[in-house]
Amino acid sequence: MTIFTTFADHIDVALNTLIDEGLLPSDIDRSNVTIEPPRDASHGDISTNAAMVLSKAAKKNPREIAQALAVQLEQIASVTEVEIAGPGFINMRLDNMVWRDEMLEIAKRGDDYGRAPTKTGKTINVEYVSTNPTGPLHMGHCRGAVVGDALATILEFAGNDVIKEYYINDAGGQVDTLSRSAYLRYLEALGRDIGEIEDGLYPGDYLIPVGKRLAEKYGDKYADAPEGDWLVLFREEAVDDMMDMIRADLSLLGIKHDVFASEAALHVEGKADIAEKWLRDNDLVYDGVLEKPKGKTIDDWEPVTLPLFRSTQFGDDQDRPIKKSNGQWTYFGADLAYHYQKSESADALINIWGADHAGTVKRIKAAVSAMTQGKTDFDIKLVQMVRLLRGGEPVKMSKRSGSFITLKDVIDEVGKDVVRFTMLTRKADAQMDFDFAKVVEASKDNPVFYVQYAHARICSTIRKALDEDIVPSDKKLELLEDEEYALVKEASNFSRLVEAAAKTREPHRIAFYLNDLASALHSHWNLGNDRPEKRFILAQDKDKSAARLFMAAQIAQVLKNGLKLMGVEAAEAM
RNA sequence: GCGCCCAUAGCUCAGUCGGAUAGAGCAUCAGAUUCCUAAUCUGGGGGCCACAGGUUCGAAUCCUGUUGGGCGCACCA
């Protein structure tokens, strides 16, 4: 129960009274009524637009409704003042008792403060990262990984059961390439001269240990064997090694998936065939000829009959093949089966995709909607590219030489917390720059340190106070003053923010909120420069000091809980 | 040519289900350290919310069109 939900109830009761009195029709739609803190704190503590939203249906002047509502709201014990403003806003000021109770609530619930009080009963599957198992994670994968992970954490905190899933594309042509690349390193480990690595194979050094391991395990058994003897075996071996490497990279970011789903396993289990049959039975797949691609000229293009999904029915610009002419499944075909599988164990699916996959969103949404008869809530969050800079200059990455910037390199250089926080300081669908030079700087340019510093500042103050025999205490909270209540009010917004971030699926909101809360703390702190009586530690008034420190401890708790949602450490000292 | 995303201060970006005088950081200018961590704070200047219509009590926010930018458009993944 947050302050805002409490007041939603109060307003419901007040509206019921107005209906009884005949001032409002009984069937009014309350869905647009909001209860929120006014943007400008001078307007009060809590505000509702009820009168304005309901005026049309009631055929009454909004101020008239506001007047009647105000009379009801004035009777609530915790409300000290009701004011009608502007076109019909109702602003209320609350007794400080409300904020003292909120502090006690924070203290009581601790790490769970802000967590939804009741479960939604929904299971949400968040699929993220899902990079091809052909090499280490590089920076291009990083943002989606962080956004997906933070989103999963937030959704869980907001009362949902969450499955964190990784889809392993271990069935397409790219893993055959991996197998051949690993084979080459295997020959190399056996002492053969492999010369230059040919174009089209993966040249990266990370396959050298894979080759060594294969050489140790199998000796020269496959050294002169035809490809058919080793391709599948080496593919499985190499994919396993790659996934171990990817899991290790992810753990550097603090990311741990619950489920690793294999595309190859889907095919073995015949899931794609089942999906195809279902789609054919429902006339969503038919045998047809692809149109010639537009906007691009392809030399060896020729018409072929393929099983096509009727994605044009759902707004796509052409029907899409689910199988290739060689009989293998296309990525899209397998994806249909995969999403159907996911929908069987979740009420909602969220995919975190790179923006370069934007073109395929429509068709997969259409397909999932058809296959689940619209019962599964399916959302795809597109994450825009990150441009790597160093001192304003783009960092060069060459795929050809295999010398891309790996995630591990970046974390080694700037640390997990900086990477995670920075990736969450922008809406996912906005492009962003990531500048090494700025991001390592422990300063105002960097919101991570700003927020962590606020937390550390409180921790160190409490440590210092304990040295002086002042112990944070809730015994005399009534000694707190306006500036301190203002901080508590800001902290009380945390649950609303969590709700909003979960609902809109926008983790960046937490980052901005924490920045605001940290700013309020720093600002309050500096009051003590000019006005020593505003400091937290007051040797001459231990009761007041104890109350202030208790308040500060609750601010720290909220900062900590917010940082945890982002996967960032709440430092106790800096 | 088509689809998706975006357009807010000099720069990078927030902006709650449509709500009150559109905010923050950087940059810039002027200040604050005998003081619980200055990794901080206070104040000033800086806006046609791309443009034009529409919806309504009210639009940066919703709808339509225009302009500008990014991404994508193979049976690849």
Side-chain angles (χ1 to χ4, degrees), chain A residues 31-34 36-40 43 47 49 52-53 55-56 61-62 85-89 91 131-132 134 169 172-174 290 292-296 298 300-301 304 306 315-318 320-326 328-335 354-362 382 384-385 425-427 429-433 435 438 441-447 449-450 452-454 456-458 460-465 468 493 496-497 499-500 503-504 508-509 511-512 515-516 519 521-530 532 535-539 545 549 552 573-574:
Chain A
S31 58
N32 289 325
V33 174
T34 61
E36 54 190 23
R39 289 190 183 182
D40 185 341
H43 288 138
S47 171
N49 62 353
M52 290 180 293
V53 201
S55 69
K56 200 170 188 186
N61 182 316
F89 286 100
N91 297 326
T131 56
N132 286 334
T134 55
N169 296 127
Q174 80 285 354
L290 271 184
K292 192 165 184 170
K294 297 179 179 104
K296 233 184 182 180
I298 295 153
D300 56 352
W301 188 86
V304 190
L306 294 167
D316 204 348
D317 47 356
Q318 77 179 80
R320 302 291 172 174
I322 61 168
K323 275 185 183 173
K324 306 183 215 172
S325 51
N326 65 9
Q328 284 181 355
W329 293 95
T330 62
Y331 182 84
F332 175 60
D335 228 18
D356 50 342
H357 289 66
T360 66
V361 167
K362 245 183 188 169
L382 291 179
Q384 285 289 343
M385 300 295 145
T425 51
R426 222 132 286 187
K427 259 189 311 212
D429 52 14
Q431 290 159 268
M432 82 182 290
D433 292 345
D435 195 321
K438 283 190 176 174
E441 202 181 306
S443 76
K444 48 212 160 188
D445 237 10
N446 197 330
F449 295 106
Y450 187 79
Q452 287 184 321
Y453 180 39
R457 211 166 207 183
I458 294 171
S460 94
T461 306
I462 291 174
R463 281 194 300 268
K464 167 133 189 167
E468 299 182 20
N493 268 325
R496 289 181 74 241
L497 256 295
E499 251 173 64
K503 188 173 171 186
T504 57
H508 77 276
R509 287 171 187 252
F512 280 89
N515 209 63
D516 287 348
S519 169
L521 186 276
H522 287 310
S523 186
H524 183 266
W525 174 279
N526 276 274
L527 285 180
N529 282 341
D530 287 340
R535 294 182 188 176
F536 287 93
I537 298 176
L538 303 166
S545 194
L549 289 164
M574 296 185 75

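Here is how names work: the chains are called A, B, and so on, in the same order as the sequence lines, proteins then strands, and each is numbered from 1.
Taking 3.5 Å as the limit, the base of B/C75 and the side chain of A/S325 contain a donor-acceptor pair of atoms between them. The base of B/A77 has none of its N or O atoms less than 3.5 Å from a complementary donor or acceptor on the side chain of A/T360. Put simply, the side chain of A/N91 and the base of B/A20 share a donor and an acceptor less than 3.5 Å apart. Residue-to-nucleotide contacts include no donor-acceptor pair under 3.5 Å from the side chain of A/R457 to the base of B/C36.
You'll find that the side chain of A/W525 is closest to B/C36, out of B/C36, B/C75, B/A20. When the nucleotides B/A7, B/U16, B/A39 are ranked by their closest atom to the side chain of A/M574, B/A39 comes out on top. When distances are taken from the side chain of A/T461 to each of B/C36, B/A7, B/A77, the shortest belongs to B/C36. For A/M52, the side-chain atoms get nearest to B/G19 when compared with the rest of B/A20, B/G19, B/C76. Closest approach to the A/N169 side chain among B/U16, B/C41, B/A77 is made by B/A77 (side chain taken as heavy atoms from C-beta onward). For A/R426, taking side-chain heavy atoms from C-beta onward, the closest of the listed nucleotides B/C36, B/A14, B/C41 is B/A14. Here the side chain of A/K362 is nearest to one of B/C75, B/G15, B/G3, namely B/G3. Counting only heavy atoms from C-beta on, A/K503 has its side chain closest to B/C17 among B/A20, B/C17, B/C41. Checking B/C35, B/U16, B/G19 against every side-chain atom of A/V53, the shortest atom distance belongs to B/G19. Between B/C41, B/A39, B/C36, one nucleotide has an atom nearer to the side chain of A/R535 than all others, and that is B/C36.
When the P atom is used for both B/C63 and B/G69, the distance is 23 Å, rounded to whole Å. For the P atom pair drawn from B/U12 and B/C5, the interatomic distance equals 22 Å after rounding to whole Å. The same atom, C1', is picked in B/U28 and in B/C36; the two are 32 Å apart, to the nearest Å. Rounded to whole Å, the P atom of B/A20 lies 14 Å from the corresponding atom of B/G58. Taking atom C1' on both B/U61 and B/C17, the two are 11 Å apart, rounded to the nearest angstrom. Rounded to whole Å, the C1' atom of B/G68 lies 45 Å from the corresponding atom of B/A32. A gap of 32 Å separates the C1' atoms of B/C49 and B/U40, to the nearest Å. Straight-line distance between the C1' atoms of B/G18 and B/C2: roughly 32 Å, to the nearest whole Å.
Rounded to the nearest 0.5 angstrom, A/H524 NE2 and A/R535 CZ are separated by 12.5 Å. Between atom CG of residue A/D516 and atom OG of residue A/S523 there is a gap of 12.0 Å, rounded to the nearest 0.5 Å.
Atom CG of A/D530 is separated from atom P of B/A32 by 11 Å (rounded to the nearest Å). Separating the CG atom of A/N529 from the P atom of B/A38 is a distance of 7 Å, rounded to the nearest angstrom. Between the CD atom of A/E499 and the P atom of B/C17 there is a distance of 11 Å, given to the nearest Å. Regarding A/H524, its NE2 atom lies at a distance of 13 Å from the C1' atom of B/C41, rounded to whole Å. Taking atom CG on A/L527 and atom P on B/C41, their separation rounds to 12 Å, with Å as the unit. Between the CD atom of A/Q174 and the P atom of B/C75 there is a distance of 16 Å, given to the nearest Å.
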Are any protein N/O atoms closer than 3.5 Å to N/O atoms in nucleotides 42-46 of chain B? If there are, list each pair with its distance.
residue	atom	partner	partner atom	Å
B/U42	OP1	A/S523	OG	2.7

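The shortest distance between the side-chain N/O atoms of A/Y450 and the OP1/OP2 oxygens of B/C26 is not below 4.0 Å.
Residues A/H43 and A/R320 each lie close to RNA chain B; by heavy-atom proximity, the contact nearer the 5' end of the strand is made by A/H43. Map A/L538 and A/D516 each onto its nearest nucleotide of RNA chain B; the residue landing nearer the 5' end is A/D516.
By the 5.5 angstrom centroid cut-off and the 30-degree plane limit, A/F512 is classified as not stacked against the base of B/A14. A stacking contact between A/H357 and B/G72 is absent: the pair does not combine a ring-centre distance of less than 5.5 Å to the base's six-membered ring with planes differing by less than 30°.
Across all non-hydrogen atoms, the minimal contact from A/L382 to A/V361 is CD2-CG2, 4.1 Å.
For the strand RNA chain B, secondary-structure stems (runs of at least three Watson-Crick or G-U pairs, all distances below 3.5 Å) span B:1-7 with B:67-73, B:10-13 with B:23-26, B:28-32 with B:40-44, B:50-54 with B:62-66.
One N or O on the side chain of A/Q174 and one on the backbone of A/N169 form a donor-acceptor pair closer than 3.5 Å.
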